[in-house]
Amino acid sequence: MPQQSFMRYALAEARSAAAAEEVPVGAVIVREGAVIARAGNRTLRDRDPTAHAEMLAIRQAAALLGCERLTDCDLHVTLEPCAMCAAAVSFARIRRLYFGACDPKGGAVESGVRFFSAPTCHHRPQIYGGIGEEEASVLLKDFFRARR
């Protein structure tokens with residue numbers, strides 16, 4: 001299945017997060033061509049600043065597989081991960097990271113601190129940005145425009 005197809009599942013999670021009045025970010029983890037974990041942001045619902053879509057999906061995949069190392073898994077997320085999520089991707093040993101929209105303010109992959117470029121980063125996934133970028137950007141812009 002093409003990577004764009006997996007991003008559509010992450011976009012669906014982002015739309016669900018927006019419907020719940022959360023920042024519309026969605027993530028899925030794929031292993032052997034199948035989605036094994038999916039989540040949207042839940043920071044408000046869970047009252048947990050770490051309840052980002054990526055973190056929730058990583059926790060779900062690790063629990064399902066019974067292992068903290070997700071070496072044969074790929075993460076598809078609608079927004080460039082922040083520093084916390086990039087660190088979790090590294091610690092989980094995610095094989096590939098696909099993300100949609102760049103986040104110039106809070107991103108840590110191609111923006112900001114560029115976590116994976118740091119000499120202290122012990123695992124760097126293969127990174128592919130701009131997958132489903134237009135739809136992810138529209139979701140975010142519409143969400144924040146409605147809250148002004």
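The figures here come from the full heavy-atom set of this structure, side chains too, leaving out hydrogens, waters and symmetry mates.
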Which heavy-atom pair separates [X] from [Y] by the least distance, and what is that distance?
| X | Y | answer |
| --- | --- | --- |
| Ala101 | Ser137 | CB-OG, 3.4 Å |
| Pro49 | Thr43 | O-CG2, 4.1 Å |
| Met55 | Ala88 | SD-CB, 3.4 Å |
| Cys82 | Ala108 | C-CB, 3.6 Å |

> Picking from Arg15, Lys141, Arg8, what satisfies salt bridge (charged side-chain N to carboxylate O under 4.0 Å, His left out) with Glu135?
Replying inline: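 Among Arg15, Lys141, Arg8, the one meeting salt bridge (charged side-chain N to carboxylate O under 4.0 Å, His left out) with Glu135 is Arg15.
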> Can you check whether Leu65 reaches Cys73 side chain to side chain, under 4.5 Å on heavy atoms?
Replying inline: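 SC-SC contact between Leu65 and Cys73 confirmed.
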> Pro81 versus Val109: any side-chain heavy-atom pair under 4.5 Å?
Replying inline: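 A side-chain contact under 4.5 Å exists here.
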>> Whether Arg148 engages the ring of Phe144 as a cation-pi pair (distance to the six-membered ring centre under 6.0 angstrom, angle to the ring normal within 45°) should be assessed.
In response: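 Because its charged atom misses either the 6.0 Å distance or the 45° angle limit, Arg148 does not stack over Phe144.
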> Can the ring centroids of His122 and Phe91 be said to lie less than 6.0 angstrom from one another?
Replying inline: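 Ring centres of Phe91 and His122 closer than 6.0 Å.
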Under 4.5 Å between side-chain heavy atoms, hopping through other hydrophobics if needed: is there a path connecting [X] to [Y]?
| X | Y | answer |
| --- | --- | --- |
| Phe115 | Met84 | no |
| Val77 | Tyr98 | no |
| Leu79 | Leu139 | no |
| Leu75 | Ile127 | yes |
| Leu97 | Leu11 | no |

Atom [atom1] of [X] and atom [atom2] of [Y]: how far apart are they, to the nearest 0.5 Å?
| X | Y | atom1 | atom2 | answer |
| --- | --- | --- | --- | --- |
| Glu133 | Cys102 | CD | SG | 5.5 Å |
| His52 | Glu22 | NE2 | CD | 10.0 Å |
| Glu54 | Arg59 | CD | CZ | 11.0 Å |
| Leu70 | Arg95 | CG | CZ | 11.0 Å |
| Asp46 | Leu56 | CG | CG | 6.5 Å |
| Gln126 | Ile94 | CD | CD1 | 12.5 Å |

Are the side chain of [X] and the backbone of [Y] linked by a donor-acceptor contact shorter than 3.5 Å?
| X | Y | answer |
| --- | --- | --- |
| Glu13 | Ala27 | no |
| Thr78 | Gly100 | no |
| Ser90 | Ala86 | no |

>> Within the supplied structure, the quantity of interest is the number of heavy atoms (other residues, nucleotides, ligands) at a distance under 6.0 Å from Arg47 CZ; does it exceed 12?
In response: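 Atom CZ in Arg47 is not packed in, count stays at 12 or less.
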Side-chain donor-acceptor pairs of residues 29-41 under 3.5 Å, sequence neighbours excluded:
{"from": "Arg31", "atom 1": "NE", "to": "Asp72", "atom 2": "OD1", "distance (Å)": "3.3"}
{"from": "Arg31", "atom 1": "NE", "to": "Asp72", "atom 2": "OD2", "distance (Å)": "2.9"}
{"from": "Arg31", "atom 1": "NH2", "to": "Asp72", "atom 2": "OD2", "distance (Å)": "3.3"}
{"from": "Asn41", "atom 1": "OD1", "to": "Ala53", "atom 2": "N", "distance (Å)": "2.8"}
{"from": "Asn41", "atom 1": "ND2", "to": "Val23", "atom 2": "O", "distance (Å)": "3.3"}

>> Classify the ring geometry of Phe6 against His76: parallel below 30°, tilted from 30° to 60°, perpendicular beyond 60°.
In response: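 If you compare the ring of Phe6 with that of His76, the planes turn out tilted.
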